[in-house]
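Every chain is numbered from 1 and lettered A, B, ... according to where its sequence line falls, protein lines coming before strand lines. Reckoned from all heavy atoms, side chains included, excluding hydrogens, waters and symmetry mates.
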Amino acid sequence: GQQVMQIPQYQHVQEGEDFTTYCNSSTTLSNIQWYKQRPGGHPVFLIQLVKSGEVKKQKRLTFQFGEAKKNSSLHITATQTTDVGTYFCAGRARGGNKLTFGTGTQLKVEL
Amino acid sequence: DSGVTQTPKHLITATGQRVTLRCSPRSGDLSVYWYQQSLDQGLQFLIQYYNGEERAKGNILERFSAQQFPDLHSELNLSSLELGDSALYFCASSGIRLAVGSDTQYFGPGTRLTVL
């Protein structure tokens, strides 16, 4: 079945440093979504990418969908303590009807 | 607030027991998804219902079952509970359009199940 892996599993950064998480799918995707889960909270939708090579920005967050539509990345510039949480990617295989969540990257930001 | 409600918020029970978790989707959403999240783990997809019909199945144990009712609320039934079933159970809902680009999932606050 489809597998979606994320690296790294954990990341500790100092406030102000940049952070990147990478998402890799075993199959070609029709779209990729990103979610953020704060500690003690529930996953919250951040963004969806659909086109090959697509890049979208949300303030300090930059999301990219690979040319082959099998990988994606989330980059945060100048992290803040409010960025703490676990970031999940989620992809739907081309022709599939199930959204598969990645393994998640837990981000901790230290002052 | 995502608009998805889940009850109860917490549930403590004993091994061998059966529990029912309830989810009400966002107004107008026809799809309901159930996920299991163990401590510091990812989201394990269990099952999806669309307008009352089972649409997709993940790693759901035979001891677990779900259904979606005509009013679109859903229930997840967990039976013969084991210690390892202790986890956070999330429900999510999504809109009626199943075309690419229209299946953003909105998660409820979750039910924390503790099996003693």
Side-chain angles (χ1 to χ4, degrees), chain A residues 1-11 21 23-25 28-52 54 56 63 65 69 84-108, chain B residues 1-7 9-10 21 23 25-26 29-51 53-60 87-112:
Chain A
Q2 180 191 12
Q3 292 187 334
V4 181
M5 302 298 293
Q6 282 182 253
I7 54 171
Q9 188 175 1
Y10 302 97
Q11 184 81 60
T21 173
C23 173
N24 295 288
S25 169
T28 303
L29 302 170
S30 59
N31 62 29
I32 189 94
Q33 299 177 3
W34 284 90
Y35 293 77
K36 176 184 178 181
Q37 183 177 19
R38 293 180 184 274
H42 59 273
V44 175
F45 173 78
L46 294 176
I47 206 162
Q48 177 169 270
L49 305 170
V50 178
K51 299 176 184 176
S52 169
E54 188 171 12
K56 286 188 177 181
F63 303 84
F65 200 8
K69 301 184 78 171
V84 164
T86 300
Y87 293 84
F88 292 98
C89 63
R92 183 181 299 279
R94 191 181 292 170
N97 61 2
K98 190 177 75 168
L99 195 66
T100 299
F101 277 79
T103 47
T105 295
Q106 188 176 340
L107 173 64
K108 293 191 176 181
Chain B
D1 183 8
S2 66
V4 178
T5 60
Q6 287 187 250
T7 57
K9 193 169 184 178
H10 301 278
L21 314 183
C23 167
R26 290 189 324 156
D29 283 357
L30 297 182
S31 277
V32 170
Y33 310 78
W34 285 98
Y35 293 88
Q36 180 191 58
Q37 186 175 47
S38 302
L39 192 62
D40 288 338
Q41 296 294 310
L43 290 159
Q44 298 298 318
F45 170 70
L46 297 178
I47 199 163
Q48 178 200 353
Y49 278 82
Y50 174 75
N51 202 19
E53 302 274 334
E54 182 184 304
R55 186 163 185 92
K57 219 167 185 176
N59 299 322
I60 187 167
L88 199 51
Y89 290 84
F90 286 111
C91 164
S93 73
S94 68
I96 63 172
R97 295 162 295 162
L98 297 180
V100 169
S102 60
D103 59 350
T104 301
Q105 294 190 14
Y106 296 88
F107 283 77
T111 293
R112 183 169 296 283

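Taking the side chain to side chain contact (heavy atoms under 4.5 Å, CB included) definition, one finds that B:T7 meets it with B:R22, sequence neighbours left out.
The one candidate from B:Y35, B:Y106, B:F90 that meets the side chain to side chain contact (heavy atoms under 4.5 Å, CB included) condition with A:H42 is B:F90.
Within a 6.0 Å radius of CG in B:N51, more than 12 heavy atoms belonging to other residues, nucleotides or ligands are found. Atom CZ of B:R112 is surrounded by 12 or fewer heavy atoms from other residues, nucleotides or ligands within 6.0 Å. Heavy atoms of other residues, nucleotides or ligands lying less than 6.0 angstrom from NZ of A:K36 number more than 12.
Of the possible polar contacts, one joining the A:Y35 side chain to the B:Q105 backbone as a donor-acceptor pair under 3.5 Å is found.
A distance of 10.5 Å separates OG1 of A:T103 from CG of B:L43, quoted to the nearest 0.5 Å. If you take OG1 on B:T104 and CD on A:Q33, they are separated by 5.0 Å, rounding to the nearest 0.5 Å.
For chain B, no part of A:Q6 is nearby; none of its heavy atoms comes within less than 4.5 Å.
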*Mind running side-chain contact (heavy atoms from CB on, under 4.5 Å) on A:F101 and B:Q37 for me, showing each step along the way?*
CA-CA 11 Å; A:F101 277 79; B:Q37 186 175 47; over 6 Å; no

